[in-house]
Amino acid sequence: MKVRPFPIYSKQLFFRRLQTWLRAFCGGRGVGKTHIGAHSLQDEAKAGEQFTALSPDAGVVRETTFPTFEEVAKSKGIYVRQILSPYPRIWWRTRDKGIASIVFRSAEVPDKLAGPSKAGVWIDEASLVSRAAFDIIIPTLRFKGKMGPLWLTFTPRGTKHWTFTECFEPLEGEPFDAKKGHIVANGKQYKPKPNSGLVRARTVDNPFLPPNFFDIIRQRYSSRLAQQELEGDFVDIEGLMFRREWFRFVEQAPRDCQRVRYWDRASSEGEGDYSAGVLIAVDSRGIFYVEDVKHGQWSYHDRNQIIL
């Protein structure tokens with residue numbers, strides 16, 4: 001089997017060489033997270049192994065994770081075949097002259113993720129995946145008596161998100177040493193958790209991007225948001241996007257308003273991100289009113305009951 005070269009840059013190479021159980025590639029927009037996730041898994045697979053790729057929802061599966069994995073396999077000359085039902089699946093040739101396969105799943109209903117043993121799991125756009133889905137998919141890593149690796153590719157979402165707490169713990173009782181992977185996030189020092197490794201990439205680190213990509217995107221972000229979305233920093237930006245002084249209280253919204261409620265869903269009871277449902281009204285002048293807010297750290301089941 002002749003494998004064609006696949007171009008990667010230095011930060012992606014560091015990620016490819018990680019030997020820890022948990023391997024995270026965290027970075028800003030356009031750093032090639034999904035590409036290096038697909039490339040790393042394909043290179044490490046052995047004959048007969050089966051993997052799972054988990055994405056936040058079916059849209060990300062269809063538009064990002066699945067087509068990128070297919071593109072990378074074809075560009076390397078190792079693609080074999082694919083099916084789209086009942087779940088998308090791709091087969092490719094491995095370095096030991098066998099064939100491996102990967103099934104692509106959505107994290108929208110965590111309870112459906114419990115299933116057969118897998119040689120490894122890749123969670124793409126992991127910061128958009130709930131803690132409940134993570135907790136259910138991890139026990140599937142039990143292939144032929146071994147616990148396979150976990151790959152995470154994501155844009156950071158702060159120090160309270162599970163993608164951070166699974167990778168880092170507070171640095172206590174030892175001096176700060178960047179060579180050991182110690183980092184500073186929101187003014188506090190952290191060290192990598194045992195058997196975990198994380199590579200952080202900035203948007204400007206990727207030499208394959210269009211020349212003006214960074215400048216155009218940066219002009220449209222606040223400095224705080226740019227730290228997260230372009231620098232790949234773990235920034236806790238909750239409460240920083242809107243200011244109290246921008247709003248004033250009114251007794252009620254006008255009668256001619258149109259209304260919609262939207263839910264931002266999380267599903268880790270008592271920890272992690274909050275689920276929130278906000279009822280917004282807009283009047284004929286285009287003025288918006290926040291009429292109701294519900295939020296809490298509910299379990300997957302309780303959250304759905306509250307939404308209903």
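Note: hydrogens, waters and symmetry copies are ignored here, and every other heavy atom, side chains too, is used.
- Partners of Glu71 under the salt bridge (Lys or Arg N to Asp or Glu O under 4.0 Å) rule, at least two apart in sequence or in another chain, do not exist in this structure.
- With sequence neighbours left out, the side chain to side chain donor-acceptor pair (under 3.5 Å) criterion links Lys188 to no other residue.
- Listed by first then second residue, pairs satisfying ring-ring contact (aromatic ring centres under 6.0 Å, His included) with a partner in residues 189-224 read Phe164-Tyr190, not counting sequence neighbours.
- Every pair passing salt bridge (charged side-chain N to carboxylate O under 4.0 Å, His left out) that includes a residue from residues 31-52 is listed here, sequence neighbours excluded: Arg16-Asp43, Arg23-Glu44, Asp43-Lys76, Asp43-Arg95.
- Shown here are the side chain to side chain donor-acceptor pair (under 3.5 Å) partners of Arg218, two or more places apart in sequence or in another chain: there are none.
- Applying the salt bridge (charged side-chain N to carboxylate O under 4.0 Å, His left out) definition to pairs two or more places apart or across chains, none involves residues 114-129.
- Remark: Gln228 engages no residue in a side chain to side chain donor-acceptor pair (under 3.5 Å) (not counting sequence neighbours).
- Taking Ile, Leu, Val, Met, Phe, Trp and Tyr as members and joining any whose side-chain heavy atoms lie under 4.5 Å apart, directly or through other members, the hydrophobic cluster of Val80 also contains Ile83, Trp91, Ile99.
- Annotation: ring-ring contact (aromatic ring centres under 6.0 Å, His included) contacts involving residues 96-129, sequence neighbours excluded, comprise Phe66-Phe104, Phe69-Phe104.
- The ring-ring contact (aromatic ring centres under 6.0 Å, His included) test applied to His182 returns Phe176, not counting sequence neighbours.
- Remark: Glu166 pairs with Arg131 by the side chain to side chain donor-acceptor pair (under 3.5 Å) rule, at least two apart or across chains.
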Quiz: residues 109-117 side-chain donor-acceptor pairs under 3.5 angstrom, not counting sequence neighbours:
unit_1	atom_1	unit_2	atom_2	d
Ser117	OG	Arg142	O	3.4
Ser117	OG	Arg142	NE	3.3

